[in-house]
Chemist: 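This is the structure I want to talk about, given as structure tokens.
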Amino acid sequence: MTAAADQSTAAARRLLLVHAHPDDESIGNGATMARYAAEGAQVTLVTCTLGEGGEVIPGELAHLTADRQDGLGAHRIGELAAAMREVGVTDVRFLGGQGRYRDSGMLGVPENDRPDCFWQADLDQAAGHLVTVVREVRPQVLVTYDERGGYGHPDHIKAHRVAMRAAELAADPHYRPELGPAWRIVRIFWNRMPRSVLLAGLRAAAERFELAAEPEDVPGVVADELIDAALDGARFADRKAAAMRAHVTQITVDGGFFALSNDRWQPLVADEYYQLARGEAGSARPLTDLFAGLPGIGATGIEA
Ligand SMILES: [Zn+2]
């Protein structure tokens, strides 16, 4: 066993996050990652593409886009590394290795048909790469998107499908035993944004900025009653903001707000919300800890 693997299985609590592009993890889970890393849990991020198809905000980096030098993917590897330093996450991986799957672009663009894009990837082959990670890290908790990928981006939908399929395959002892002993993930959460929180934040954004985002611009928005876990991000709000700022080509942060390349401002919400897709939440819903009440994990996170 390598030193890294040894360390990853030594932590009692192990969290795996599966995301589509560099920046999604900081926007959706920056405070969650910072919290669990600070508490000594193992936090593993798997990002499925390099985000090669993204737009670029700063004019001096505009040459990086796919239609010019096509250097954005390589650049975003560095942005992701910087962001993860801000939240203290050291285990960062790309599905199948760096550049294995290319950004598919927004739904309906010609890039969706490129044979090397993530949208076109064979589902079980892509999931197989993730099974390797699951069986090595043995996470109790997986965080990813819902079946719409939160808001319909092909890479987000595909990340959902790959994560859910990998969870199933990893638990099957007959599936590729050479990848390690079968491992069953206890809880799977989907990233969510409660509608009331978003609407309040968008009203505040509209008062301060010329152009505020619409609710449809924000992924994972659901009725408040559907929230199964709500994590207080106050202590890690500055870490989350710093991680988002590290994605220089993608995000502009201004106080408690941020904008993507469409220049529509939305609230930078430090608290992070989840809906439970697999497993039990117990009676204390909404959970304030994704690991709360899991067998073998005490209140302090020490393996019982
Ligand atoms: Zn994305």
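Numbering of ligands and ligand atoms starts at 1, following listing order.
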Chemist: List for me each residue that meets side chain to side chain donor-acceptor pair (under 3.5 Å) alongside Glu79, sequence neighbours excluded, and say none if there are none.
Modeler: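 If we apply the side chain to side chain donor-acceptor pair (under 3.5 Å) test to Glu79, skipping adjacent residues, the hits are His75, Thr249.
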Chemist: Locate the shortest heavy-atom distance separating Leu107 from Pro154; write the atom from each residue and the value.
Modeler: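 Minimum heavy-atom contact is N-CD, 3.5 Å.
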Chemist: Which residues pass the ring-ring contact (aromatic ring centres under 6.0 Å, His included) test with Phe94, not counting sequence neighbours?
Modeler: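 Residues passing ring-ring contact (aromatic ring centres under 6.0 Å, His included) with Phe94: none at all.
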Chemist: Starting from Met193, walk the hydrophobic network (Ile, Leu, Val, Met, Phe, Trp, Tyr; side-chain heavy atoms closer than 4.5 Å) and list everyone else you reach, by chain and number.
Modeler: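 The other cluster members (ILVMFWY side chains, heavy atoms under 4.5 Å, direct or chained) are Val197, Leu198, Leu202, Val218, Val221, Val222, Leu226, Ile227, Val269, Tyr273.
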Chemist: When Leu142 is tested against each of Ile188, Leu15, Leu130 for side-chain contact (heavy atoms from CB on, under 4.5 Å), which residue passes?
Modeler: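 With Leu142 as partner, Ile188, Leu15, Leu130 yield a single side-chain contact (heavy atoms from CB on, under 4.5 Å), made by Ile188.
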Chemist: Just checking, Arg135 and Trp183: is the charged tip under 6.0 Å from the six-membered ring centre and within 45° of the axis?
Modeler: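 No.
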Chemist: Can you list the protein N, O or S atoms less than 2.8 Å from the Zn ion (ligand 1)?
Modeler: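 Near the Zn ion (ligand 1), below 2.8 Å, one finds His21 ND1, Asp24 OD1, Asp24 OD2, His156 NE2.
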